[in-house]
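The figures here come from the full heavy-atom set of this structure, side chains too, leaving out hydrogens, waters and symmetry mates.
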Amino acid sequence: MSLGLARFGHLLVCFSGIDGSGKTTLCREVVTKLRARQVPCRYVYGRFLPVTIATWFKIASLQKQRTKQLSRNQYIKQIQNPLLRSRVVAILFIIGVLFDQALRILFKVYIPSILKKEVVICDRYLFDTVIMDIALNCAFDRNEVWRLLQRCLRMFPKVDIAFIVNVPPAIAYQRKAEYPIEMLTYLSDMYLFIGRRFGAKIMDGTKDLSELTWYVVSNVVRSNPSAK
């Protein structure tokens, strides 16, 4: 990952991965440890939240609920919201999601970060929005997600350090059975593919929390001279 916010004396550290991988717990523990070292930092939930397209996004979510009981192959084939099969509608949907994401990053991450010298620990970021909110609804394959992310990342604050917290889908399902295991398998493959393409650090989320926290903190300290 190339340096972006570091020119302001800050670090943007992002965590991505499937639900149940332990991202939020890890992020909050990292913030605690960094603050114990007198490193200015804060936790931010960075995934898109529907604002301008809230009604439309609820319709898309209802479609996903109806497909929850399908097998993996059936799920991937039928996951696309019927309304998004129209190229024009799909493009408008993607623009709406990215617009809401841009607003969130601008006001929750970027502006506060240029006003304060701090490390931003971002629980989910643009990677998650594109994979979870666009790819799922539009039934994108890995290459389509890769191309979209390449375009989008040019318009968003660059990530200094990106982590993919990886756990087997079966374990993630046991921890948080919000999505069917078929969907978690699909998403896990997507995260690993995208993470490797962008040079993210792949972490084994089944390891002890203290070990994972130390690994993250040590990477932050090495990347930010002011944190040493």
Side-chain angles (χ1 to χ4, degrees), residues 1-5 8 10 12-19 23-24 27 43-64 76 79-114 120-165 179 183 186-200:
M1 290 290 176
S2 58
L3 291 179
L5 295 181
F8 298 110
H10 308 297
L12 177 57
V13 184
C14 297
F15 294 78
S16 298
I18 60 176
D19 278 25
K23 299 182 299 300
T24 300
C27 287
Y43 168 91
V44 176
Y45 181 78
R47 181 180 166 189
F48 141 88
L49 291 177
V51 179
T52 61
I53 62 166
T55 301
W56 169 242
F57 200 78
K58 287 180 181 178
I59 296 174
S61 298
L62 289 175
Q63 173 65 18
K64 286 193 282 186
I76 294 173
I79 196 172
Q80 185 177 27
N81 187 297
L83 295 174
L84 294 176
R85 289 171 187 160
S86 164
R87 179 174 175 79
V88 173
V89 175
I91 290 174
L92 291 175
F93 174 78
I94 292 170
I95 292 173
V97 170
L98 293 176
F99 180 75
D100 280 357
Q101 172 74 92
L103 289 179
R104 183 165 188 80
I105 296 302
L106 178 65
F107 292 107
K108 293 290 185 179
V109 176
Y110 190 72
I111 291 178
S113 294
I114 64 175
V120 179
I121 302 298
C122 201
D123 181 358
R124 298 184 180 273
Y125 190 59
L126 182 62
F127 306 103
D128 304 88
T129 294
V130 170
I131 291 173
M132 295 290 297
D133 302 306
I134 294 177
L136 280 181
N137 283 301
C138 297
F140 279 0
D141 62 27
R142 298 192 298 186
N143 290 322
E144 289 172 312
V145 172
W146 160 249
R147 288 193 294 269
L148 179 58
L149 273 171
Q150 282 184 304
R151 297 189 191 103
C152 293
L153 283 172
R154 299 168 188 166
M155 300 179 287
F156 284 79
K158 293 182 179 180
V159 178
D160 296 301
I161 313 175
F163 295 98
I164 301 293
V165 186
Y179 298 106
M183 179 177 175
Y186 165 81
L187 291 172
S188 179
D189 292 342
M190 187 76 76
Y191 272 113
L192 289 174
F193 174 79
I194 295 301
R196 290 177 181 130
R197 281 292 186 99
F198 281 101

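Between Arg124 and Tyr45, the closest heavy-atom pair is CD-OH, 3.6 Å. Residues Ile18 and Ser188 approach most closely at CG2-N, 3.6 Å, considering heavy atoms. A pairwise comparison of heavy atoms in Ile164 and Gly195 identifies CG1-CA, 3.9 Å as the closest pair. Closest approach of Phe127 and Leu153 over heavy atoms only: CE2-CD1, 4.2 Å.
A heavy-atom distance below 4.5 Å is found between the side chains of Met132 and Tyr191. Between Ile194 and Val145 the shortest side-chain heavy-atom distance falls below 4.5 Å. When side chains are defined from C-beta on, Phe15 counts as touching Val13, because their heavy atoms get closer than 4.5 Å. Put simply, the side chain of Phe140 does not reach to within 4.5 Å of the side chain of Met190, judged on heavy atoms. Side-chain atoms of Leu148 and Glu144, non-hydrogen and from C-beta on, never get closer than 4.5 Å to each other. For the pair Leu136 and Ile131, the minimum side-chain heavy-atom distance is 4.5 Å or more.
Within the model, atoms CD1 of Ile121 and OH of Tyr43 stand 11.0 Å from one another, a figure rounded to the nearest 0.5 Å. Here CG of Leu192 is found 11.5 Å from OG of Ser16. Values are rounded to the nearest 0.5 Å.
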Inset, instruction - Dump the intermediate steps for side chain to side chain contact (heavy atoms under 4.5 Å, CB included) on Cys14 and Phe163, then the final yes or no. - result: CA-CA 6 Å; Cys14 297; Phe163 295 98; over 6 Å; no
Legend entry - Derivation and outcome, side chain to side chain contact (heavy atoms under 4.5 Å, CB included), residues Gln101 and Leu126: CA-CA 8 Å; Gln101 172 74 92; Leu126 182 62; 4.1 Å; yes
Inset, instruction - Under the side chain to side chain contact (heavy atoms under 4.5 Å, CB included) rule, what do Tyr125 and Ile105 come out as? Steps first, then yes or no, please. - result: CA-CA 8 Å; Tyr125 190 59; Ile105 296 302; 3.3 Å; yes
Inset, instruction - Please report the C-alpha distance between Arg142 and Asp189 in whole Å, then the side-chain angles of each, then the deciding distance to 0.1 Å, and finally whether the salt bridge (Lys or Arg N to Asp or Glu O under 4.0 Å) criterion is met. - result: CA-CA 9 Å; Arg142 298 192 298 186; Asp189 292 342; over 6 Å; no
Inset, instruction - Please assess Leu12 against Ile161 for the test side chain to side chain contact (heavy atoms under 4.5 Å, CB included), listing each intermediate value before the final yes or no. - result: CA-CA 7 Å; Leu12 177 57; Ile161 313 175; over 6 Å; no
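In terms of modelled atom types and a separation under 3.5 Å, the side chain of Lys23 and the main chain of Gly17 share a donor-acceptor contact. The closest donor-acceptor contact from the side chain of Asp133 to the backbone of Val130 lies at 3.5 Å or more, if one exists at all.
Taking the six-membered ring for Trp and the full ring otherwise, the centers of Phe198 and Trp146 sit less than 6.0 Å from each other.
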